Amino acid sequence: MIISWNTTRDCNLKCKHCYRDAGHKDTRELTTEEGYKLLDEIARSGFKIMVFSGGEPLLRNDIYDLVAHAKKLGMRPVFGSNGTLITPEVARKLKEAGTLRMGISIHSSTPVHHDDLHQVAGSWDAAIQGVKNCIDAGLEVQLHTTVTDPNYDDVENITDLAIELGAVAHHVFFLVPTGRGKDLEGEMLNAVHYEKLLHRIMDKQKQVDIELKPTCAPQFMRIAKMKGMDMRFTRGCLAGTSYCVITPNGDVNPCPYLPLRVGNVLETPFDEIWAKSPIFTEMRTMDWGGRCGTCDHKEICGGCRARAYYATDGDLMAEDPWCLYRAGVADVGSA
């Protein structure tokens, strides 16, 4: 089980695709003591992987204390960061606090697209240096790439860059248009390119030793199965079943791209929200609508709940509109 806590909306960048519309700190964000309490409740709920993200989580002055508390509770503290603030000293302190892996955003194999997406010149170079500083400090690194039309042909090159830098994984995120990402809706991959890229990533996985994982693309499980690949993952979309996200002000959402308020940890303990929420209860039935409900890969995929929600103006349980397999075009990606 994995959970993300967007610890702050504060950020030193202004990324065009940011689902949290980060840039400035919220007027009400969880305090250190509230954060400790939240982590206690998360641990009681059985979560093992604790993702500290933002905004930029390294802008929280108490981040090392929060990491240490999560580690003390037996969880695996990991990060989602833009990487630009990771000096050698920051990397050392993260390691000492108990951080086990840093996820760092790298959206292109050269600076141009990355810097344009982050809207800060030099952010690619700074992030690459952050990767190197982590590895020098003995911290595992995985690269995070949000894919849209401009970097569609660059994904495998970024995987090669990850290997060159010494990263242990490359996770490829497929844009869901929420937050500032709504403005990039015209750059989203179409369904055919989506399917083809999933095939490309799985084919690349056969060639490299590091872990490749599409995110917000649960159909990769079906494609991996069809290619006879043995994946360590059990399901595609985990939203509401073994994953959720907590926002800076304490709201609980099924996933970062699905800003549906399930509860708030300042009003109700998280472990109670996780166990008793009617929304989570419904999602755990996996009684999906449309072709998701009758698909022979239903148990390992689940469809993207966020895309289903947006495509239907609010039906979490609807079919995922991007899946061509259910439209009878299963071999498009291997063509």
Side-chain angles (χ1 to χ4, degrees), residues 6 9 11 13-23 53-56 80-84 103-124 127-128 143-162 170-202 204 212-220 223 236-237 239 255-259 303-313 320-324 327 329 332-333 335:
N6 298 145
R9 282 185 68 242
C11 192
L13 303 180
K14 195 73 173 178
C15 304
K16 294 178 181 179
H17 64 294
C18 182
Y19 63 82
R20 195 54 69 204
D21 194 16
S53 63
E56 175 47 57
S81 169
N82 63 47
T84 62
I104 296 178
S105 297
I106 300 290
H107 302 295
S108 54
S109 59
T110 58
V112 176
H113 171 68
H114 180 102
D115 285 3
D116 176 69
L117 193 65
H118 284 227
Q119 302 194 90
V120 175
S123 59
W124 187 89
I128 293 294
L143 300 194
H144 291 168
T145 299
T146 295
V147 63
T148 52
D149 283 339
N151 62 348
Y152 172 73
D153 293 322
D154 198 26
V155 173
E156 291 93 337
N157 296 329
I158 304 171
T159 297
D160 292 338
L161 175 62
H170 180 203
H171 289 199
V172 181
F173 291 73
F174 287 71
L175 179 70
V176 178
T178 185
R180 284 199 296 272
K182 291 178 181 177
D183 295 334
L184 293 182
E185 192 165 3
E187 295 183 6
M188 286 178 62
L189 304 186
N190 61 38
V192 172
H193 281 172
Y194 171 76
E195 181 86 3
K196 286 186 174 182
L197 182 54
L198 290 179
H199 277 271
R200 284 167 45 198
I201 293 170
M202 292 298 97
K204 184 71 171 178
L212 306 185
K213 182 183 182 296
T215 299
C216 300
Q219 289 80 11
F220 87 92
I223 291 170
C237 183
C255 87
Y257 307 99
L258 189 52
C304 176
R305 294 301 98 210
R307 285 200 297 267
Y309 180 84
Y310 290 118
T312 59
D313 293 325
D320 181 346
W322 262 18
C323 184
L324 292 182
V329 196
V332 63

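For reference, positions follow the sequence shown, starting with 1. No experiment lies behind these values; they were computed from the predicted model shown.
- What you find for A127 and H114 is that their closest heavy atoms are CB-NE2, 4.5 Å.
- Within the 3.5 Å criterion, the main-chain N or O of E195 finds no donor-acceptor partner in the side chain of Q219.
- Considering every non-hydrogen atom in both A306 and C255, the closest pair reads CB-SG, 4.2 Å.
- Of the possible polar contacts, one joining the N151 side chain to the T146 backbone as a donor-acceptor pair under 3.5 Å is found.
- Side chain of N190 to backbone of H193: a donor-acceptor contact under 3.5 angstrom is found.
- Between H107 and H118, the ring centre distance stays below 6.0 Å.
- Taking each heavy atom of C216 and Y257 in turn, the nearest pair found is SG-CE1, 3.3 Å.
- A distance of 10.0 Å separates CG of L184 from CE of M188, quoted to the nearest 0.5 Å.
- Side chain of T145 to main chain of I106: a donor-acceptor pair is present (N/O by atom type, distance under 3.5 Å, no hydrogens or angles).
- Side chain of E185 to backbone of P177: no donor-acceptor contact under 3.5 angstrom is found.
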Inset, instruction - Under the side chain to side chain contact (heavy atoms under 4.5 Å, CB included) rule, what do R180 and K16 come out as? Steps first, then yes or no, please. - result: CA-CA 6 Å; R180 284 199 296 272; K16 294 178 181 179; 5.9 Å; no
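- To the nearest 0.5 Å, atom OG1 of residue T148 and atom NE2 of residue H17 are 9.0 Å apart.
- Distance check: S53 OG to N82 CG gives 11.5 Å after rounding to the nearest 0.5 Å.
- A donor-acceptor contact closer than 3.5 angstrom is absent between the side chains of S108 and D154.
- Inter-residue side-chain proximity for E187 and P150 is flagged as met; some heavy-atom pair is nearer than 4.5 Å.
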Legend entry - Criterion side chain to side chain contact (heavy atoms under 4.5 Å, CB included) on L143 and H171, from CA distance to verdict: CA-CA 6 Å; L143 300 194; H171 289 199; over 6 Å; no
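- Residues C304 and P218 come closest through the heavy atom pair N-CG, 3.4 Å.
- Across every non-hydrogen atom of I158 and S109, the tightest pair is CG1-N, 3.7 Å.
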Legend entry - E56/L13 under side chain to side chain contact (heavy atoms under 4.5 Å, CB included): CA gap, chis, key distance, verdict: CA-CA 8 Å; E56 175 47 57; L13 303 180; over 6 Å; no
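- Residues meeting the side-chain contact (heavy atoms from CB on, under 4.5 Å) test with A308, sequence neighbours left out: R305, A318.
- Annotation: cation-pi pair R307/Y194 present, NZ/CZ under 6.0 Å from the ring centroid and within 45° of its normal.
- Side-chain atoms of D115 and S123 include a donor-acceptor pair closer than 3.5 Å.
- In this structure V155 satisfies the side-chain contact (heavy atoms from CB on, under 4.5 Å) test together with V147, H170, V172, L197, R200, I201, sequence neighbours excluded.
- The two residues C237 and G303 have their closest heavy-atom pair at CB-O, 3.0 Å.
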Inset, instruction - Mind running side chain to side chain contact (heavy atoms under 4.5 Å, CB included) on K213 and F173 for me, showing each step along the way? - result: CA-CA 9 Å; K213 182 183 182 296; F173 291 73; over 6 Å; no
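- Remark: L117 CG to W124 CH2 distance equals 14.5 Å, nearest 0.5 Å.
- Atom-to-atom distance recorded for L189:CG and F174:CZ is 6.5 Å, nearest 0.5 angstrom.
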